[in-house]
Colleague: 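Attaching a single structure in structure tokens format; questions to follow.
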Amino acid sequence: MTALEPEPHAAASVFGDRVDVARVFTAALAEQGEERGLIGPLELPRLWTRHVLNSAVIAPLFHGRVGDIGSGAGLPGLVLAIARPDVEFVLIEPMERRVAWLREQAAELRLGNVTVVRARA
């Protein structure tokens with residue numbers, strides 16, 4: 001198994017006081033992502049920089065209610081919901097196994113600003 005990329009120093013500034021929640025999500029994705037078909041086998045060495053931080057850096061652009069169509073592993077939807085608890089995110093995903101993951105993570109991370117909808121766009 002490939003090792004998870006160390007958390008970049010930028011994570012603390014991007015997530016601020018929500019960095020601990022981002023750590024929990026990233027660890028869960030690293031642990032379960034490949035076996036659940038959410039990420040590929042080569043993604044762990046770049047999970048933080050390529051996926052989590054790339055999703056989070058656009059967080060300041062959103063306000064109100066935002067839809068993430070084809071949410072998959074929660075990139076960017078769950079990451080944005082972690083970074084912006086003041087914005088409501090609707091994650092739209094047609095695949096039941098991914099919907100289960102999104103709902104599990106939203107509950108575990110206590111993301112009250114997330115609604116998961118199983119549907120096609």
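Sequential numbering from 1 along the given sequence is applied to the chain's residues.
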Colleague: Given the rule that I, L, V, M, F, W and Y join up when any side-chain heavy atoms are under 4.5 Å apart, are Leu61 and Leu75 in one cluster?
Modeller: yes

Colleague: Can you tell me if Arg97 uses its side chain to pair, donor with acceptor, with the backbone of Gly37 under 3.5 Å?
Modeller: yes

Colleague: How long is the straight-line distance from CG of Leu111 back to CZ of Arg103, given to the nearest 0.5 Å?
Modeller: 14.5 Å

Colleague: So does Leu38 get a backbone contact from the side chain of Trp101, meaning a donor-acceptor N/O pair under 3.5 Å?
Modeller: no

Colleague: CD of Glu43 to CG of Leu47: how many Å apart, nearest 0.5 Å?
Modeller: 7.5 Å

Colleague: Could you tell me which residues satisfy salt bridge (charged side-chain N to carboxylate O under 4.0 Å, His left out) with Glu104, sequence neighbours excluded, listed by chain and number?
Modeller: Arg36

Colleague: Looking at every non-hydrogen atom in both residues, tell me the closest pair between Arg120 and Pro94 and how far apart they are.
Modeller: CG-CB, 3.8 Å

Colleague: Running the 4.5 Å side-chain criterion over Ile, Leu, Val, Met, Phe, Trp and Tyr, what cluster does Ile92 land in, apart from itself?
Modeller: Ile69, Val90, Val117

Colleague: Answer whether the closest heavy-atom distance between the side chains of Phe15 and Val52 falls below 4.5 Å.
Modeller: yes

Colleague: Treating Asn113 as the side-chain partner and Val87 as the backbone partner, does any N or O pair qualify as donor plus acceptor under 3.5 Å?
Modeller: yes

Colleague: Do Leu80 and Val66 have side chains that approach each other closer than 4.5 Å (heavy atoms only, starting at C-beta)?
Modeller: no

Colleague: Sequence neighbours left out, cut at 3.5 Å: what donor-acceptor pairs do the side chains of residues 22-29 make with other protein atoms?
Modeller:
residue : atom : partner : partner atom : Å
Arg23   : NE   : Glu7    : OE1          : 2.6
Arg23   : NE   : Glu7    : OE2          : 3.4
Arg23   : NH1  : Asp20   : OD1          : 2.5
Arg23   : NH2  : Glu7    : OE2          : 3.1
Thr26   : OG1  : Ala22   : O            : 2.8

Colleague: What is the minimum heavy-atom distance between Ala73 and Leu78, and which atoms define it?
Modeller: O-CD1, 4.2 Å

Colleague: Kindly write out the residues that satisfy salt bridge (charged side-chain N to carboxylate O under 4.0 Å, His left out) with Glu96, not counting sequence neighbours, or none if the list is empty.
Modeller: Arg118

Colleague: Quick one, Val114 and Leu102 - any side-chain contact, counting heavy atoms below 4.5 Å?
Modeller: no

Colleague: Return the minimal non-hydrogen interatomic distance between Thr49 and Pro8, and the atom names on each side.
Modeller: CG2-CG, 3.7 Å

Colleague: For Ala10 versus Leu53, what's the shortest heavy-atom pair and its separation?
Modeller: CB-CD1, 4.3 Å

Colleague: Sub-3.5 Å donor-acceptor pair from the side chain of Arg18 to the main-chain atoms of Ile82, do we have one?
Modeller: yes

Colleague: Starting from Ile58, can I reach Val79 by hopping between I/L/V/M/F/W/Y residues whose side chains sit under 4.5 Å apart?
Modeller: yes

Colleague: Go through the structure and list residues passing salt bridge (charged side-chain N to carboxylate O under 4.0 Å, His left out) with Arg84, not counting sequence neighbours.
Modeller: Asp86

Colleague: Please, which pairs that meet side-chain hydrogen bond (donor to acceptor under 3.5 Å, both in side chains) have at least one residue in residues 62-74, sequence neighbours excluded?
Modeller: Arg65-Glu88, Asp68-Ser71

Colleague: Quick one: CD1 on Ile39 to CZ on Arg50, what's the gap to the nearest 0.5 Å?
Modeller: 11.0 Å

